[in-house]
There are 2 protein chains.
Amino acid sequence: MARRRRVGNLLALAVLSVVAERPMHAYEMASVIRARGKDRDMAVKWGSLYTVVHNLDRHGLIEAAGSAREGGRPERTVYRITGAGRAELDDWTRELLSEPEEERPRFEAGLSVMGGLPPDEVTDLLRRRLDVLRREIAARRAELERDRAGLPRLFLLESEYGLAMREAEAEWTRSLLGELAGGSFPGLDQWREFHRTGRLPPDVAGLAERRSVTD
Amino acid sequence: MARRRRVGNLLALAVLSVVAERPMHAYEMASVIRARGKDRDMAVKWGSLYTVVHNLDRHGLIEAAGSAREGGRPERTVYRITGAGRAELDDWTRELLSEPEEERPRFEAGLSVMGGLPPDEVTDLLRRRLDVLRREIAARRAELERDRAGLPRLFLLESEYGLAMREAEAEWTRSLLGELAGGSFPGLDQWREFHRTGRLPPDVAGLAERRSVTD
DNA sequence: AGGCGTATGCTCGCATACGAGTAATCGTGT
DNA sequence: ACACGATTACTCGTATGCGAGCATACGCCT
């Protein structure tokens, strides 16, 4: 699984998904993607739009269906999705839904180098993180509540999922923070010691090596 | 915040974090990163190692500290971290810890195009996802239990966090699956209808447009 | 009727990212 | 004592990714 996509940028998924509805020219795709709020779900970089559309064309996933010009000067190519494109869209969707990420969130990277900062600063940083999370959760929850009135559930799932994950993250952070601030975090003294003296206590040095597990 | 990093690849963070300990040559960095299991925390592509090391050098975050040759033929440059490098490492760590991701997980993209597949297939796909999640959770939990014996808590946090997130994800998926499989998911009929007829019921069409919110 | 802000629509160049390939050395079984 | 598989160590080319910039046109105010 996790096959290599001919065009791997998630923006390509968004493009396929809107052009599957009806033929459009590139800029219109952008507008529709924006109107549907799909750009919120996938951190779209608009600078990549034309590259992506081009590549989709090159690989036969969409194709020119003529061109149109309106009052506005430049002649724009209208694209339609091809059979291969539709197949790719479906297959990609299937993959995204059925296979959990291998991709680690960046916070995990942060945790993994966290020991390089002194514990009290870390506590402070996590407190800040928790603050932001809480604010975001409130904002999203409000937005979701507003949307529930007008939108079918199917279109709200991404938001619900995002909210649930944020909540879990906040919860986890809060619990860690409790241990750090309350002083019950095991090894806190060595950690502090390490930053006072600049060196690891001998019993911890060399301990950081992890065995290779079931990989 | 979220300043642009001179070298943005997370592999660069790993490199900085190990070379901060003591000067090393490139390949040794790779070994240490692997030995610490940091590569598990950040999906490292080893093909990027030399590019990244090069770029760190170019930007003055590390610098050559001489070169060594051992039995093995090629002369290897030994790098040490610079003041700027240490500052970058600390600043980056601070950012990763204190600022929650803007980055959307790919699953969210999947959810957002999910409507393109018929509900029964989606149910099936999510069931598969849940299976994989459950297996992963069991595996990670076992691994974590094993590691608890030998490693200080500080080095287990990434794993604990990863596990907590997987659990939350599984929980959310399970609950959605319940609604889909049990038929209580609102709008299920229209969704199915849409796939039978190929067209949206008129009351749903045009509904997908999202208002622009607080952005 | 002219000025200006904003939306539209697109181009370009540079910097990466990273897969795939290469070549030497080491370890170990026979 | 040598073959061969694994490990060490690195190079290169190609495909993107994407920020920044640019040009036109439209709506609206004055």
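Lettering follows sequence order; numbering is per chain, from 1.
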Integer-rounded Å distance: D:dC18 C1' and A:Asn55 CG: 13 Å
Protein-nucleotide distance (B:Tyr27, atom OH; C:dA24, atom P), rounded to Å: 17 Å
Distance in angstrom units between B:Met24 CE and D:dT8 P, rounded: 15 Å
Which nucleotide in D:dT16, D:dG19, C:dG9 has an atom nearest any side-chain atom of A:Lys45: D:dG19
Whole angstrom value for the distance that separates P of C:dT11 from CG of A:Leu49: 11 Å
Short side-chain N/O contact from B:Tyr50 to OP1 or OP2 of D:dC10, under 4.0 Å: yes
Rounded distance (Å) that lies between atom P of C:dA17 and atom CE of B:Met42: 15 Å
Note, B:Glu28 side chain near B:Arg22 side chain (heavy atom, < 4.5 Å): yes
Any A:Asn9 side-chain nitrogen or oxygen under 4.0 Å from OP1 or OP2 of D:dA15: no
Salt bridge present between B:Glu158 and A:Arg104 (N-O < 4.0 angstrom): no
Comparing B:Trp46 and B:His59 on DNA chain C - which has the more 5′ nearest nucleotide: B:His59
Carboxylate-amine/guanidinium contact B:Arg106 A:Glu99, below 4.0 Å: no
B:Ser31 vs A:Arg58, nearer the 5' end of DNA chain D by closest nucleotide: B:Ser31
Whole angstrom value for the distance that separates C1' of D:dA9 from NE2 of B:His54: 15 Å
Residue B:Ala26, side-chain atoms from C-beta onward, closest of C:dC10, D:dC10, D:dT8: D:dC10
Main-chain N/O of B:Phe107 paired with A:Glu101 side-chain donor or acceptor, under 3.5 Å: yes
Ring-face cation contact, A:Trp46 with A:Arg34, 6.0 Å cut, 45° max: yes
Under 4.0 angstrom between B:Ser48 side-chain N/O and C:dA17 OP1 or OP2: no
Between C1' of D:dC10 and NE2 of B:His25, the distance in whole Å: 12 Å
Atom pair distance, as rounded to whole Å: CG in A:Asp57 and P in D:dT16: 14 Å
